[in-house]
Protein chains: 4
Amino acid sequence: MFSAQAARVLRAQRIETPSWAYGNSGTRFKVFPREGVPRTPQEKIDDAAKVHELTGVAPSLALHIPWDRVPDFAELRRYAADRGIALGAINPNVFQDDEYRYGSVCAPDPGVRRKAIDHLLECVEIGVATGSKVLSVWLADGTNYAGQDDIRARQDRITEALTEVHDAMPRDMRLLLEYKLFEPHFYTMDVPDWGTSFAQCLRIGERAQVLVDTGHHAPGTNIEFIVAVLLREGRLGGFHFNSRNYADDDLMVGAADPFQLFRIMHEIIGGGGLEPGGGVELMLDQCHNLEPSVPAMIRSVMNVQEATAKALLVDRAALASAQADGDLLAANAVVTDAFNTDVRPLLGALREEMGRHPDPVAAYRESGYQQRIEAERGQGGMSWGA
Amino acid sequence: MFSAQAARVLRAQRIETPSWAYGNSGTRFKVFPREGVPRTPQEKIDDAAKVHELTGVAPSLALHIPWDRVPDFAELRRYAADRGIALGAINPNVFQDDEYRYGSVCAPDPGVRRKAIDHLLECVEIGVATGSKVLSVWLADGTNYAGQDDIRARQDRITEALTEVHDAMPRDMRLLLEYKLFEPHFYTMDVPDWGTSFAQCLRIGERAQVLVDTGHHAPGTNIEFIVAVLLREGRLGGFHFNSRNYADDDLMVGAADPFQLFRIMHEIIGGGGLEPGGGVELMLDQCHNLEPSVPAMIRSVMNVQEATAKALLVDRAALASAQADGDLLAANAVVTDAFNTDVRPLLGALREEMGRHPDPVAAYRESGYQQRIEAERGQGGMSWGA
Amino acid sequence: MFSAQAARVLRAQRIETPSWAYGNSGTRFKVFPREGVPRTPQEKIDDAAKVHELTGVAPSLALHIPWDRVPDFAELRRYAADRGIALGAINPNVFQDDEYRYGSVCAPDPGVRRKAIDHLLECVEIGVATGSKVLSVWLADGTNYAGQDDIRARQDRITEALTEVHDAMPRDMRLLLEYKLFEPHFYTMDVPDWGTSFAQCLRIGERAQVLVDTGHHAPGTNIEFIVAVLLREGRLGGFHFNSRNYADDDLMVGAADPFQLFRIMHEIIGGGGLEPGGGVELMLDQCHNLEPSVPAMIRSVMNVQEATAKALLVDRAALASAQADGDLLAANAVVTDAFNTDVRPLLGALREEMGRHPDPVAAYRESGYQQRIEAERGQGGMSWGA
Amino acid sequence: MFSAQAARVLRAQRIETPSWAYGNSGTRFKVFPREGVPRTPQEKIDDAAKVHELTGVAPSLALHIPWDRVPDFAELRRYAADRGIALGAINPNVFQDDEYRYGSVCAPDPGVRRKAIDHLLECVEIGVATGSKVLSVWLADGTNYAGQDDIRARQDRITEALTEVHDAMPRDMRLLLEYKLFEPHFYTMDVPDWGTSFAQCLRIGERAQVLVDTGHHAPGTNIEFIVAVLLREGRLGGFHFNSRNYADDDLMVGAADPFQLFRIMHEIIGGGGLEPGGGVELMLDQCHNLEPSVPAMIRSVMNVQEATAKALLVDRAALASAQADGDLLAANAVVTDAFNTDVRPLLGALREEMGRHPDPVAAYRESGYQQRIEAERGQGGMSWGA
């Protein structure tokens, strides 16, 4: 049984799905088109609404600009609101224009940098129109070969560009700076690790925080440690959740290492990140290269929810006591006991209490939604970049 | 000064360039088009001929089917021969058709497997027409999630399919089976490591050998060790050379870790791989996402050549003696002394002896070739898949 | 509820604990001595008997020679038998004598090789005396620097040495050849990966098989894939179970990534490895640097048991059907549903059925055993090497 | 030919050797004792003096407390000065007492923390006595299992402890905080990466800076990038140089990847780190498990020197110009041309100019020093911890 507090946290939890994950995606080798993929930003909203309808905890959708560009964002916001969906983080794209070959805000060419900054500023405006409070900045900038550009000069360019963007944001908007070890560049990435993002945020301003993508680390990195340290510094802005076995695999969150996801949630909770105003955005960012995206997204939302539920079951008083006693085995058992608990029945009951089907996967299958979108949309859906 | 034997090996060395590396390439995020990229297989041959003209050691071109499909391969062979180029390894593509979503020769669907095998058999025939002696098989097959398919059943399907292909090859053709840790699949790859490739080759037949791509290993893998072991087993078929810092980065060979390339050449030479009939194919397989491909290929060929030259300078008698004495520092110094030697002047002299410009990079710059192809071909060149 | 077959497998499961894990261990920086550590091989047997008494599935103890050398092994065998314990795998030590600086069976010095082979042969004899059917060979051999020794010559020396040992074994004994990526050597290990162990086993003989230590792989290696491939080749001899986050961390099995352990058990079961005569030895090999070893071992045995139980819950008919249909999400759900099941109550019931306490951890706490051994043995226990 | 400026930098370069590397070391599996190892701190100074006599650029020796504890540090300082050696960084040891099982300054027990802090404060005093300007702090603190202790509370304890130490240092002393990914703990290290060290330094005080050990990173980490970023932040205190293929292998610097060492020196120079007052300490920290330490140290000092010399040959004007032009191949060629240059003759000439033998390795061999120390000291030398 969940405690009253745990049930409250679970009812209040918000997991944001990303518009681009409803579209086709793939690797450099091949994008396998799927049936039923949205053809418009509106259809992405329809899919997100379905995910929220069934899970009850996914009421917002992150946008990617220009992939989700529409003539009138206020209208898109209303379209979403009518379906119970808020528009969430704005994700600018400064990596798919030909000019960005040598970088965007880090490019040696000041004209390219200006173009990139202008796009970021436009995204701030879009965020105002959509009611978004988060600007998620991922810089794909980097170099492939030693000597290709000056590492330090590029850091200076980041600070300069993002300070301008930061200062243009309304007071209730935050800039989350994502880091990534490698890809699309293979010698340096300009923001390769949390330390670089953190150092930049300190310079950029108070509303600049670090965005942790769970697939963007070197092998062996302890992600929950980073979570704890960033929460201590007040600079953990949120997550791009997904899972990986090798690199930025972008698999469904929780699919590769569910115990890791649980440990991350345990540190978020321990650091107050899920309390009201905790300010830690739980966003998904994954690719469904092979599987249909709506049920994959339902599964992913459930995986985050299950990890959260298990983390809420950790007996923190017993944990603190075992830690103080130096009883390693007892302390570890408190944590693993929570993880080993099967929370699916508890969450089913919670969903029923919230007026929803206890099993979102079964509910989706019964809904006939997948058949309907496949029939309506065919194979002509949007991919990354279109 | 090179010994007579070293000079002989260097003059006889053959490094094969890949047709696809002359085209555009990129990451899943973006393919930045370059100016002057070949628009036809014939133009790829032209570029390869330029590389060979300047380096003197790159007289063959690997083909990728269907990217390099032409109506008449015998004619393509003559076109190449007229320019001093032989057609090298045939690289089938069993990963870019929509049917290959769940694999090619490993797919659960027997119809898909048949299609893949038929393509491989067609490539054998193309190889006969082009005079190729090598069929390079890379299976992009794999799975993204635990349970997606049966690991062992897929191994059975590989054996069955490749045995059929092997037995259809003429006696002087070899099947080289490449392995890769991950990408495009992220839970299992069906041939993820040299051990799997080796085990499959033992079952497939005597002319099945392992192909080592230098970018396809887990972090920390000692590649030269694999080289030594496979040569000992008589199953090292050849290389796809490139370099990497993280994953399958496909950077210019020798760019990321020149000492590693040198150590690999040292083991190839020690195992007799560069002797006449050694049977170790030295092929490049890299992507020029940002840099122009012809000069990048010239640089890459030179990098392999320089590593070879340094490895030939290793004083093997002194090395054996230090090893026998257990004098670790002396043994290591023999190897590093060779690596630290600047072989560029020696290779320049060798090129002059062979009637070529001592500095291929300068010669390329002076040739005006780059300007000419950019003017002629514009930005309409071929990419992967087209 | 377990099926009758699953219950049968669980009752028949045998997990071997290692004598050395009852002793003190640590890192190169420090061995923190623990209270109550065994002072003799007999006391190790006492601890193993306690673990078996409480878990019911750990009836044998692996020995390490010379750490567990006694004047009369037949007597030790009787001592163990009287306590319900069989003596399991014999683990020779060819890495702690001063002569092994440059290797044991791989050393350039034939005298050193002879010494190492003689030790291995002695261990075969000890195995006959103890009734052991498995000789577990880990070669710590390797080099630290390029050029230090000849990679291929060392492979030849392995084949020669282990063939001699193999041929000296009685017909019902197997030689399991362990591999390890690195440590104690840092440039090459002579058996660094499963491929090398497999290739050597093919040469050594029919009763040579590969031993998989779950902590001995490069980052990102898919261990269950190796399990499936080796079972297909008939060369999977068994495991050294432990868990790791970074390198050969030797933590309690299942502590770092319980989903991985489950997937490994799933492949073992799928390949028939737990069937009678399956021949896959499930041995633990871990270090308890900080925690008391007896309760840590109980926990570890339970972790393997829980992973096995979950793997037995996989609905294989449903899995095969989803795989055949290409329904990736359904196939994955079959596997994760089993993993997410809380098998602890089921195993508790099984233990009670077998006449044991349902909760071995609580039973150990209640037994007062830890207090007793700490009082009796103090801090004078055995470490590695003594 | 070196430019006048390059020659000046090379003449002024100072590389500090570590006292503990002259002693025996090994792995957790075995310490192979060597002949001729120092039996006292004074004999370590003798060895360091020999290294400096032959190389001319290694005039100081880092101490490890308590391994190098003497009754009178002022006397030790004079002993060293008489032999041309200054006493360098003081390296406290807060990991080898039994109390440090659960950490030192991070331990849950306040008494243990006090003990650790007191030791650090004592090391500050020793530093005053020895004339050292650097306190090198490596915290071996960490945990092995999830839940073992509270990650964030341990961060608080670090800040509290090191602020006290920082504030007790004389104004001209710096505290360098080292980070390490793993070992001796395997779930969390309390300072696992440069980001954590940097965040702590910001809190601790102005004279707290990050210490980069080249073997302490996750696979794939770009170390020269960290160098550039930390220099930009004014927080790069110095290095512990060594090399690695896998983990913290502690091999001779430059042995595993000489191109990486060169790139690191390139960034140090580019960031002004080698200019007078640059404040970047170049210290070695390596283990000579198999090879004799004095000639290994000579080789290591030379490797750093050669990498520096090559980095000084980079034509920075040409590099900046190629970078500004976006000519990736030209920019990369500037860097690799410098690396490919054989600087050994140039450095030989420089040594002769400084009144030294051009070839320190040959000079050492000719000196008979090794034979003398082996005869005098035998096999009774100091190891880590003694």
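Within every chain, numbering begins at 1; the chains are lettered A, B, ... in the order of the sequence lines, protein sequences first and strands thereafter.
- Only the side chain of B:Val229 comes within contact range of chain C, with at least one heavy atom under 4.5 Å from a heavy atom of that chain.
- In this structure, OG1 in C:Thr143 is found 8.0 Å from CG in B:Leu328, a value given to the nearest 0.5 Å.
- Using modelled atom types and a 3.5 Å distance limit, the side chains of C:Tyr102 and B:Gln323 yield no donor-acceptor pair.
- Between the CG atom of B:Asp150 and the CD atom of C:Glu267 there is a distance of 7.0 Å, given to the nearest 0.5 Å.
- A distance of 9.5 Å separates CZ of B:Arg154 from CZ of C:Phe225, quoted to the nearest 0.5 Å.
- Ranking C:Asp156, C:Val227, C:Asn144, C:Leu230 against chain B, the residue ahead of the rest is C:Asp156, based on heavy-atom pairs under 4.5 Å.
- Looking at B:Arg263, the atoms closer than 4.5 Å to chain C (heavy atoms on both sides) all sit in the side chain, from C-beta outward.
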Side chain to side chain contact (heavy atoms under 4.5 Å, CB included) evaluation trace for C:Thr221 with B:Asp193: CA-CA 9 Å; C:Thr221 302; B:Asp193 55 15; 5.9 Å; no

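- Neither the backbone nor the side chain of B:Asp327 has a heavy atom closer than 4.5 Å to any heavy atom of chain C.
- Taking every heavy atom of both residues into account, B:Phe259 and C:Ala146 meet most closely at CZ-CB, 4.2 Å.
- B:Leu181 and C:Gly220 get closest at one heavy-atom pair: CD1-O, 4.4 Å.
- Around the CD atom of B:Glu160, the shell of radius 6.0 Å holds no more than 12 heavy atoms that belong to other residues, nucleotides or ligands.
- Closest of all the heavy-atom pairs between B:Arg232 and C:Gln200 is NH1-NE2, 3.7 Å.
- Residue B:Gln260 does not touch chain C at all, counting heavy-atom pairs closer than 4.5 Å.
- A donor-acceptor contact shorter than 3.5 Å is absent between the side chain of B:Gln148 and the backbone of C:Ala331.
- Contact count versus chain B (heavy atoms, under 4.5 Å) is highest, among C:Pro192, C:Ala153, C:Pro108, C:Ala107, for C:Pro192.
- Residue B:Phe182 does not touch chain C at all, counting heavy-atom pairs closer than 4.5 Å.
- Residue with the most contacts toward chain C among B:Thr196, B:Val334, B:Thr188: B:Thr196 (heavy-atom pairs, distance under 4.5 Å).
- C:Asn332 places no side-chain N or O within donor-acceptor distance of the main-chain N or O of B:Gly147, the cut-off being under 3.5 Å.
- A salt bridge links C:Arg203 and B:Glu233; the closest N-O separation between the charged side-chain nitrogens and carboxylate oxygens is under 4.0 Å.
- Interface summary for chain B: among C:Gly270, C:Ala199, C:Ala330, C:Ser197, the most heavy-atom pairs under 4.5 angstrom belong to C:Ala199.
- If you measure heavy-atom distances from B:Asp149 to chain C, the contacts under 4.5 Å come from both the backbone and the side chain.
- The environment of CD in C:Glu206 is sparse: at most 12 heavy-atom neighbours from other residues, nucleotides or ligands sit within 6.0 Å.
- The two atoms that bring C:Pro219 and B:Ala218 nearest to each other are O-CB, 3.6 Å, heavy atoms only.
- Heavy-atom distances place the side chain of B:Asn222, and not its backbone, under 4.5 Å from chain C.
- The part of B:Phe198 that comes within reach of chain C is its side chain, from C-beta onward, which places non-hydrogen atoms under 4.5 angstrom from that chain.
- Side-chain N or O atoms of B:Tyr145 include none that pairs as donor or acceptor with a backbone N or O of C:Leu329 at under 3.5 Å.
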